[in-house]
There are 2 protein chains.
Amino acid sequence: MGASKTDSFTDQQNELAILAKALGHPARIAIIEFLLKVDTCICGDIVNELPLAQPTVSQHLKELKNAGLIKGNFEGATICYCINESGFEKIKGFFLDITKYLEKKKNDCC
Amino acid sequence: MGASKTDSFTDQQNELAILAKALGHPARIAIIEFLLKVDTCICGDIVNELPLAQPTVSQHLKELKNAGLIKGNFEGATICYCINESGFEKIKGFFLDITKYLEKKKNDCC
DNA sequence: TGTATATATTGCAATATTACGATTATTTGG
DNA sequence: CCAAATAATCGTAATATTGCAATATATACA
């Protein structure tokens, strides 16, 4: 096959997987880190920051946008990109559960 | 091409991407959630929890193990699986940065 | 209106992922 | 040792991802 059997899983599981998958590429991690570093909305500039061709960067930006991890609005000739809060809020709950679990976990049998 | 240009990114970016990618499939999210739910090491049982064939589940478990997100040791005839703390610790720093950023971010220009 | 700049889309080749049947270890219990 | 049970590996088909050149689109400015 090759296609994931998304129908067999819950909406929440699929949604989390989509968010994680979007972060599953070093270029997309680099984009997020850059947006965090400059701590403001960035108009243009992202292509110059990455060691990839413009169409490739555009594609990665599109995937991050589709997943809901960044926002991008036209600001004249360029596009203004920034972190999309709501996407990261969704992942946060998942990691909070894991952190809580790790804190109380004492039966380290493995 | 099809292969990521991993050489062009930092080790940290690649490592984060590998961890996120491992979580980028609903079956693997389901495995982690199951391990969190039972709150103990699980010997066997994981195949029965998932709507996938045994070889497929075995493959997903291998990927989670390679990424450092779960541990699996032989416990007699079955294998004892549990969350691997160190893998999740690595992601935690990344999300801490994002959370900090979101808290102080006020210039919501997008 | 024309031209330069910025970004998106298309098309395609190389590679990776997903899924599973068949098979192969490996271990337990008789 | 042998049969049953559990999990890994192999082989393979279907599909997805990655990356880029070429092209298209859209906006700003002259």
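Order of the sequence lines fixes the chain letters, A, B, ..., with proteins taken first and strands second; residue numbering starts at 1 for each chain.
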Student: Closest-nucleotide mapping onto DNA chain C: is Thr56(B) or Thr56(A) further toward the 5' terminus? I mean the 5' end.
Tutor: Thr56(A)

Student: In whole Å, what is the span from the CG atom of Leu61(A) to the P atom of dT17(D)?
Tutor: 17 Å

Student: Answer yes or no: is there a side-chain heavy-atom contact under 4.5 Å between Leu23(A) and Leu23(B)?
Tutor: no

Student: Which value, rounded to the nearest 0.5 Å, describes the distance between Lys92(B) atom NZ and Leu96(A) atom CG?
Tutor: 9.5 Å

Student: Among the clusters formed by ILVMFWY side chains lying less than 4.5 Å apart, do Ile98(B) and Ile18(A) turn up in the same one?
Tutor: no

Student: Starting from the C-alpha separation in whole Å, work towards a yes-or-no answer on side chain to side chain contact (heavy atoms under 4.5 Å, CB included) for Phe88(A) and Asn84(A).
Tutor: CA-CA 7 Å; Phe88(A) 283 96; Asn84(A) 185 350; 5.8 Å; no

Student: Of all the choices, dA16(D), dT9(C), dT18(C), which nucleotide is nearest to the side chain of Ala3(A) once you look at every atom?
Tutor: dA16(D)

Student: Do the side chain of Gln59(B) and the base of dA8(D) come within less than 3.5 angstrom through a donor-acceptor pair of N or O atoms?
Tutor: no

Student: Round to a whole Å and report the spacing from CG of Asp45(B) to C1' of dA7(D).
Tutor: 13 Å

Student: Asn48(B) has an atom CG; how far is it from atom C1' of dA5(D), in whole Å?
Tutor: 12 Å

Student: Whole angstrom is fine here: how far is it from CD in Gln54(A) over to P in dA24(D)?
Tutor: 15 Å

Student: On DNA chain C, does the nearest nucleotide to His60(B) precede the nearest nucleotide to Pro55(A) from the 5' side, or the other way round? Give the residue.
Tutor: Pro55(A)

Student: Please report the closest heavy-atom contact between Lys5(B) and Leu52(A), naming both atoms and the distance.
Tutor: CD-CD2, 3.5 Å

Student: Roughly how many Å is it from CG in Asp7(B) to P in dG19(D), rounded to a whole number?
Tutor: 11 Å

Student: Do Gln12(A) and Glu33(B) have side chains that approach each other closer than 4.5 Å (heavy atoms only, starting at C-beta)?
Tutor: yes

Student: How close or far is atom C1' of dA5(D) from atom CD1 of Ile46(B), stated in whole angstroms?
Tutor: 17 Å

Student: When you get a sec, tell me which of dT6(D), dC20(C), dT9(D) is the closest nucleotide to the side chain of Ala53(B)?
Tutor: dC20(C)

Student: Between dA19(C), dA8(C), dT15(D), which nucleotide has the shortest distance from any of its atoms to the side chain of Lys5(A)?
Tutor: dA19(C)

Student: Expressed as a whole number of angstroms, how long is the span from Glu49(B):CD to dT6(D):P?
Tutor: 15 Å

Student: Would you compute the distance between atom CD1 of Ile83(A) and atom CG of Leu69(A) and round it to the nearest 0.5 angstrom?
Tutor: 8.0 Å

Student: Is the phosphate of dT7(C) approached by Lys62(A) (side-chain N or O, under 4.0 Å from OP1 or OP2)?
Tutor: no

Student: Working to the nearest 0.5 Å, report the span between CG of Leu19(A) and CD of Glu15(A).
Tutor: 6.0 Å

Student: Would you mind reading off the distance between Glu63(B) atom CD and dA16(C) atom C1', rounded to a whole angstrom?
Tutor: 10 Å

Student: Regarding Leu52(A), tell me which of base, sugar-phosphate or nothing describes its non-hydrogen contacts under 4.0 Å with the strands shown.
Tutor: sugar-phosphate

Student: Among residues 12-27 of chain A, which ones have heavy-atom contacts with DNA chain C below 4.0 Å?
Tutor: none

Student: Check every atom of dT9(D), dA8(D), dA8(C) against the side chain of Ile79(A) and return the nucleotide holding the closest atom.
Tutor: dA8(C)

Student: Please compare Pro51(A) and Ser4(A) by the position of their nearest nucleotide in DNA chain D and report the one closer to 5'.
Tutor: Ser4(A)

